[in-house]
Amino acid sequence: MTARPSSDRASASPPDAPQPGAVLREMRWWDIAPVLDLERELFPEDAWSPGMFWSELAHARGPHATRRYLVAEQDGRLVGYGGLAAVDGTGDIQTIATARDQWGTGLGARLLTELLGAATDFECHEVLLEVRVDNVRAQRLYERFGFEPIGFRRGYYQPGNVDALVMRRTTQTSSEAPSVQGT
């Protein structure tokens, strides 16, 4: 599975316009349809299937949960989502995405912050992710959060045959995490 993060592009609103923030909450089964709509819009070539999201959510609740999935809502509209899997002390950012009109608002950073908090809750000593080699904005976001490149997965994103950069972040204390204000 892949981490396909939001972009850091400026939003369509003027910089001085009030930007009410999106509300983050746990993803539930009834969110799958709007998540899939956003997924297909943002990742038309390699969008996840409904079954992939159902499978992930099946592991996100109960005493033996190994997943944490979030959605972001604003004005009754789903504008972002993200997910983390945790196994044997290693977290894996599965996906992060925000609607294009949310790019540059800091929503991607907020989702990532919450997922890293979940990794701490799962007692992960490291967090991994894959990001397209051509998604430089996402790589910068991850670098700000302490992720470092550790390798490549050739042809990982199909059908476009695009390589993935594998990045890792070792556990940090909350005082070491970057500020998300203004991102």
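- In this structure a side-chain-to-backbone donor-acceptor pair under 3.5 Å is present from R110 to A22.
- Residue V23 belongs to no hydrophobic cluster, having no ILVMFWY side-chain heavy atom closer than 4.5 Å to its own.
- Cation-pi geometry between R154 and F152 is satisfied (NZ or CZ under 6.0 Å from the ring centre, within 45° of the ring normal).
- A distance of 13.0 Å separates NE2 of H59 from NE2 of H64, quoted to the nearest 0.5 Å.
- Panel note: side chain T113, backbone A109; a donor-acceptor pair is recorded below 3.5 Å.
- E143 contributes no side-chain N or O that, together with a main-chain N or O of A138, makes up a donor-acceptor pair within less than 3.5 Å.
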For this session: Please step through side-chain contact (heavy atoms from CB on, under 4.5 Å) for the pair R137 and N135, ending with a clear verdict.
Result: CA-CA 6 Å; R137 286 186 299 263; N135 192 342; 4.2 Å; yes
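- Counting non-hydrogen atoms of other residues, nucleotides and ligands closer than 6.0 Å to CG of D88 gives a total of 12 or fewer.
- A salt bridge links R25 with D31: the closest approach of a Lys/Arg side-chain nitrogen to an acidic carboxylate oxygen falls below 4.0 angstrom.
- To the nearest 0.5 Å, the span separating CZ on F43 from CZ on R132 amounts to 9.0 Å.
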For this session: Using the side-chain contact (heavy atoms from CB on, under 4.5 Å) rule, take Y81 and L111 through it: C-alpha gap first, then chi angles, then the decisive distance, then the call.
Result: CA-CA 7 Å; Y81 57 91; L111 285 163; 5.9 Å; no
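- Just one residue in the list V133, V162, D163 forms a side chain to side chain contact (heavy atoms under 4.5 Å, CB included) with Y157, and that residue is V162.
- I150 shares a hydrophobic cluster with L128, V166; the chain of contacts runs through ILVMFWY side chains whose heavy atoms sit under 4.5 Å apart.
- Checking side-chain atoms of T105 against main-chain N and O of Q102 turns up a donor-acceptor pair under 3.5 Å.
- Rounding to the nearest 0.5 angstrom, the gap separating the CG atom in L115 from the CD1 atom in I93 is 4.5 Å.
- Within the 4.5 Å cutoff, the side chain of L141 has heavy atoms near those of the L112 side chain.
- If you take CG on L165 and CZ on R153, they are separated by 11.0 Å, rounding to the nearest 0.5 Å.
- Nearest heavy atoms, M167 versus F147: CE-O, 3.7 Å.
- The pair R77-D101 counts as a salt bridge, with a side-chain nitrogen and a carboxylate oxygen less than 4.0 angstrom apart.
- Ion pairing between R169 and E148 fails under the 4.0 Å rule for side-chain N and carboxylate O.
- Ring orientation note: the planes of F53 and W48 are tilted relative to one another, at an angle of 30° to 60°.
- Residue E26 qualifies as enclosed at atom CD: its count of foreign heavy atoms under 6.0 Å is above 12.
- Under the 4.5 Å side-chain contact rule for hydrophobic residues, V136 and Y142 do not share a cluster.
- Within the 4.5 Å cutoff, no side-chain heavy atoms of T90 are placed close to those of D92.
- Checking side-chain atoms of T120 against main-chain N and O of L116 turns up a donor-acceptor pair under 3.5 Å.
- The CG atom of L84 lies 6.0 Å from the SG atom of C124; values are rounded to the nearest 0.5 Å.
- Other residues, nucleotides and ligands place more than 12 heavy atoms under 6.0 Å from the CD atom of Q158.
- Separating the CE atom in M52 from the CG atom in L57 is a distance of 12.5 Å, to the nearest 0.5 Å.
- For the residue pair L38 and T98, the shortest heavy atom distance occurs at CD2-C, 4.5 Å.
- Applying the side-chain hydrogen bond (donor to acceptor under 3.5 Å, both in side chains) test to R28 and every residue at least two apart in sequence or in another chain returns nothing.
- With M27 as reference, V71 is the one residue of L78, V71, L70 to meet the side chain to side chain contact (heavy atoms under 4.5 Å, CB included) rule.
- When all heavy atoms of L36 and S49 are compared, the pair lying nearest together is CD2-C, 4.0 Å.
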For this session: Test side-chain hydrogen bond (donor to acceptor under 3.5 Å, both in side chains) on E126 and T170 and set out the steps.
Result: CA-CA 4 Å; E126 67 179 355; T170 56; over 6 Å; no
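- When all heavy atoms of A65 and F122 are compared, the pair lying nearest together is O-CE2, 3.2 Å.
- For the pair L129/R168, no side-chain contact is recorded, criterion being any heavy-atom separation below 4.5 Å from C-beta on.
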